[in-house]
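Remarks on the structure that follows.
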Amino acid sequence: MVEEFKQRIAGEITLSPDPGKTIRKWREEFGLSQHQVADSMGISHSVISDYESGRRKSPGVGVIKKLVESLIKLDEARGSPTIARYNPDYKLECIIASEEFPVGIEMGKFIEAIGGRNLVNDELPKKTVYGYTVVDSVKAILSLGSEDYMKMYGWNIERALIFTNVHYGRSPMIAIRAHPLTPAMVVYQRPDAVDPLAIKLARLERIPLVSTDLDVDSIVNNLTSLKGEGQ
């Protein structure tokens with residue numbers, strides 16, 4: 001599990017359009033300071049600061065490997081609290097369903113499968129969706145700590161976050177905007193209404209915001225069929 005976790009972190013940093021932002025996200029996810037990480041890596045903390053701010057170009061493979069090893073080593077020294085959270089057996093009460101796709105699914109095809117409607121009405125970005133997570137938004141608000149946020153992303157951030165129990169949709173978009181990384185798509189399942197602010201935030205973050213009237217079982221069944229087509 002630890003090796004898979006290392007590969008996930010290294011992969012996200014390597015593939016991120018903003019590696020510095022992703023480094024910061026993982027450092028904060030582990031609850032570590034720049035000084036702690038830098039000391040463990042045997043480098044100046046200003047180097048970490050420069051990477052995170054974008055003042056220094058993207059780190060090479062060697063630096064990323066050393067960074068990941070340091071994050072894991074420091075976490076293990078504290079009893080592995082972060083590693084434990086990312087254990088597949090560690091479940092969040094607010095997550096109803098979560099799945100990965102073996103290959104990417106075109107956004108338009110994904111939206112069609114869930115009977116969705118693009119609320120932002122901008123042209124869909126040329127991205128693919130590699131998985132989804134169905135989240136009970138009320139339970140997430142009541143029980144989800146900031147340290148658990150990344151659990152919603154499963155093994156890939158290029159996924160759709162599907163929120164149930166949505167009243168106006170403002171809180172999920174505010175939470176997403178406040179986090180360093182963003183999903184490929186946000187879906188509201190049977191919202192009572194959608195606050196214009198949620199649409200505005202989605203447009204600012206360049207995230208497709210979609211609504212669907214399907215029930216959760218139908219969404220999961222349709223996406224399972226979609227996953228099979230992609231194999």
Side-chain angles (χ1 to χ4, degrees), residues 1-76 80-88 90 98-107 110 125-133 146-161 176-186 205-208 227 230-231:
M1 188 270 169
V2 173
E3 288 305 314
E4 289 181 347
F5 192 26
K6 289 180 182 178
Q7 291 172 18
R8 172 183 175 174
I9 299 171
E12 281 193 11
I13 295 172
T14 302
L15 298 175
S16 174
D18 190 339
K21 195 175 183 180
T22 308
I23 289 173
R24 178 182 176 184
K25 183 271 293 188
W26 278 112
R27 176 178 61 76
E28 293 179 343
E29 182 70 12
F30 277 83
L32 299 169
S33 68
Q34 291 180 348
H35 285 277
Q36 287 174 301
V37 176
D39 288 346
S40 178
M41 293 177 67
I43 60 176
S44 168
H45 86 274
S46 63
V47 175
I48 299 295
S49 177
D50 287 346
Y51 278 130
E52 291 187 359
S53 66
R55 290 190 296 269
R56 187 180 289 254
K57 66 179 183 179
S58 301
V61 174
V63 173
I64 293 175
K65 181 179 179 181
K66 199 170 184 179
L67 170 71
V68 173
E69 292 288 351
S70 294
L71 294 176
I72 296 298
K73 181 177 71 174
L74 291 169
D75 196 60
E76 288 177 337
S80 304
T82 306
I83 295 172
R85 285 203 310 275
Y86 283 87
N87 189 308
Y90 178 83
S98 184
E99 189 63 79
E100 315 296 326
F101 296 145
V103 296
I105 304 296
E106 293 180 2
M107 282 195 170
F110 186 99
K126 297 184 183 299
K127 286 185 177 182
T128 51
V129 182
Y130 285 88
Y132 69 88
T133 305
S146 59
E147 70 279 2
D148 289 325
Y149 182 88
M150 277 301 297
K151 188 67 178 179
M152 293 195 298
Y153 283 89
W155 289 100
N156 196 299
I157 63 172
E158 295 296 333
R159 69 199 298 105
L161 295 184
I176 287 170
R177 181 165 171 75
H179 200 269
L181 289 182
T182 55
M185 181 190 304
V186 173
E205 292 295 325
R206 297 182 180 179
I207 303 172
K227 174 186 175 182
Q231 291 179 322

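Computed from heavy atoms alone, side chains included, the values below leave out hydrogens, waters and symmetry copies. In this text the structure is predicted, and so the values were computed from the model without any measurement.
In this structure, CZ on F101 lies 5.0 Å from CZ on F110, to the nearest 0.5 angstrom. Between the CD atom in Q34 and the CD atom in Q36 there is a gap of 11.0 Å [rounded to 0.5 Å]. The CE atom of M185 sits 11.0 Å away from the CD1 atom of I105 when rounded to the nearest 0.5 Å. Separating the CG atom in L67 from the CD1 atom in I23 is a distance of 5.5 Å, to the nearest 0.5 Å.
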Chi angles and distances behind the side chain to side chain contact (heavy atoms under 4.5 Å, CB included) call for I48, M41: CA-CA 10 Å; I48 299 295; M41 293 177 67; 3.9 Å; yes
Steps toward salt bridge (charged side-chain N to carboxylate O under 4.0 Å, His left out) verdict (R159, E99): CA-CA 9 Å; R159 69 199 298 105; E99 189 63 79; over 6 Å; no
Verdict with supporting geometry, E69 and K65, salt bridge (charged side-chain N to carboxylate O under 4.0 Å, His left out): CA-CA 6 Å; E69 292 288 351; K65 181 179 179 181; 5.7 Å; no
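R8 and E12 are joined by a salt bridge, as a carboxylate oxygen and a charged side-chain nitrogen come within less than 4.0 angstrom of each other.
For the pairing with V68, the side chain to side chain contact (heavy atoms under 4.5 Å, CB included) check across K6, K73, Q7 returns one residue only, K6.
Contacts of R206 classified as side chain to side chain donor-acceptor pair (under 3.5 Å), with partners at least two apart in sequence or in another chain: none. Looking at residues two or more places apart in sequence or on another chain, you find no side chain to side chain donor-acceptor pair (under 3.5 Å) involving K21.
Residues D75 and S80 bring no donor and acceptor atom of their side chains to less than 3.5 Å of each other. In this structure, a donor-acceptor pair under 3.5 Å is absent between the side chains of T182 and R177.
Residues I207 and P183 have side chains in contact (heavy-atom distance under 4.5 Å, counting atoms from C-beta outward).
Other residues, nucleotides and ligands contribute more than 12 heavy atoms inside 6.0 Å of the CD atom of E76.
For the pair M107 and P208, the tightest heavy-atom approach, listed with the atom from each and the gap, is SD-CG, 3.7 Å.
Both cation-pi conditions hold for R56 and Y51: the charged atom is under 6.0 angstrom from the six-membered ring centre and inside a 45 degree cone around its axis.
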